[in-house]
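Note that ligands are numbered from 1 as they come in the structure, with each ligand's atoms numbered from 1 the same way.
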Amino acid sequence: MYNEGEKFPDDFLWGGAVSAHQVEGGYKSGGKGLSIADLLTAGNQTTPRIITKAIEKDHYYPNHEAIDFYNRYKEDIKLFKELGLKSFRTSINWSRIFPNGDDASPNEEGLAFYDDLFDELLANGIEPVITLSHFEIPHNLYVSYGGFKNKKLIDFFVRYAETVMRRYKDKVKYWMTFNEINNQMDNFDELHVWTNSAILFEEEENKEEITIQASMNELIASAKAIKIGKEINPDFQIGCMMAYVPIYPYSCSPHDMLSANKMMERRFFYNDIHVRGEIPSYALKMWEKKEFNIEYSQDELSDLKQGTVDYIGLSYYMSGAVTTLPDKRGHSIRDYPKAMTISNPHLQSNDWGWQIDPKGLRYILSQVYQRYNKPLFIVENGMGAYDKVEKDGKIYDDYRVDYLEEHISEMYQAINEDGVELIGYTPWGIIDIVSFGSGEMEKRYGLIYVDKDNQGNGSLERRKKESFYWYQTVIEQNGLII
Ligand code: BG6
């Protein structure tokens, strides 16, 4: 029934999303080991987060307490139920289960925590959607093994995945292996390489080559985990998770078009392997030209083929544009992967410069669906903004409602005009969380406000924003009434 407005399929998984390290806190509680996120200091719009070698007392580490979900999840789940969520996406904090990553046996207290969390969700009619690795690699795997460039991490990840999939086989149906696995390939910048793969680079190493090796190891680990997961419970739905920032050509110059294509290949590389189980030809050619020695065995190739995903989870926040047009000095770029990213003059940006583009969501949903013909699940989308608590105690975040409404409307078009199979939508930061990129609390995404500022002050009290009531109605009506 779509005649009353923009209605969605009956079993559509309306939900909300967070990750363990951005909400839980309790960074040393319950036998948890240090994770790489625990070494990230606070930053802001202009100051990047620093990765410290150890915890240093002069720095503030916002993930150590985050929003104290570790102790308050029951109270938060009550709010999620009131909101009407049908699904809730979070991650398992790997270092709660294997504190050092290479431990002989898992930490029972960590396992019991997620037992309770999932039981609480299920008791409230909320389906857990679980990411296995959302920037929470045990720190020891960096120190002692150099991160995912080391093939031993494949075994550590698979053991961890098998442990939790067995433990929660009757509680969790929807899984994803690595969060935004493709982000590390964009600029090989320190933060993304750290959070995706925890690579310890040696001086003489080529960063691009090593990041590709780490990525291949993760893709192999993901495929092996999927194979085992399907043996544990054939009803599991196991997906990958990709960050999709569609890249537009800035002009209709064929050079711009080709460079946009080249940039999209860096995203598709991961999905091509996750979905098709084969290394795409453009990647093999690039490795050959750059004389990269990427190591994988015949057995690993067959793992890739056998461990393909059931669905594609994706985050969508913005689009980007590239140009090869001559710069001020008259130089044109003809090396397509090096095209410059440029601000799109047709779009507005949020306070952090992210360009808001609801139509880009419809565009990428249809591109990805046509390419892979797999169900899609939007597991992150939202607007980071400064919110203000008014004198009456309310938070009037109409800008967030506008953002979400426009994106939901494009999702509807993608389903009903373009034939995309979309199974759910979990807006990001359903409750205010620590921003990943900047480490700020005040870059807020939530429909539930958390009283805490960038310096860590605040009562942690929860408060419903106006967007809470709006989304409640959207879920109740199963879509937008236009
Ligand atoms: C995605 C991540 O990159 O975007 C999340 O999966 C992150 O962890 C989200 O929080 C928004 O980014 P930021 O930097 O605004 O928190």
Exercise. Counting heavy atoms only, which of Glu180, Arg49, Met241, His21 is nearest atom 3 (O) of ligand 1?
Worked result: Glu180
Problem set entry | Distance-only donor-acceptor check, side chains Arg266 and Asn183, under 3.5 Å | no
For this session: Before accepting this row, confirm whether a basic side-chain N of the pair Glu127/Lys86 lies closer than 4.0 Å to the acidic partner's carboxylate O.
Result: no
Exercise. Is there any N or O on Asn179 that sits under 3.5 Å from an N or O of ligand 1?
Worked result: yes
For this session: Please determine if Gly437 has a nitrogen or oxygen closer than 3.5 Å to a nitrogen or oxygen of ligand 1.
Result: yes
For this session: Could you tell me whether some N/O pair between Lys443 and ligand 1 is separated by less than 3.5 angstrom?
Result: yes
Exercise. Looking at atom 4 (O) of ligand 1, what's its closest protein heavy atom, distance included?
Worked result: Glu380 OE1, 3.3 Å
Exercise. Mind checking whether His134 has a heavy atom under 4.0 Å from ligand 1?
Worked result: yes
Exercise. Think Arg267 forms a cation-pi with Tyr244, using NZ or CZ under 6.0 Å from the six-ring centre and within 45 degrees of its axis?
Worked result: no
Exercise. Does a donor on one side chain sit under 3.5 Å from an acceptor on the other, for Tyr317 and Glu380?
Worked result: yes
Exercise. Should Gln22 be counted as touching ligand 1, given the test is an N or O pair under 3.5 Å?
Worked result: yes
Exercise. Taking the six-membered ring of Tyr386 as reference, does the NZ or CZ atom of Arg444 fall below 6.0 Å from its centre and within a 45° cone about the axis?
Worked result: no
Problem set entry | Identity of the nearest option to atom 15 (O) of ligand 1, non-hydrogen atoms only, from Tyr445, Tyr317, Trp428 | Tyr445
For this session: Under 4.0 Å from a heavy atom of Phe436: give me the atoms of ligand 1 that qualify, with their elements.
Result: 7 (C), 8 (O), 10 (O), 13 (P), 14 (O), 16 (O)
Exercise. Any salt bridge between Asp397 and Lys388, counting N to O under 4.0 Å?
Worked result: no
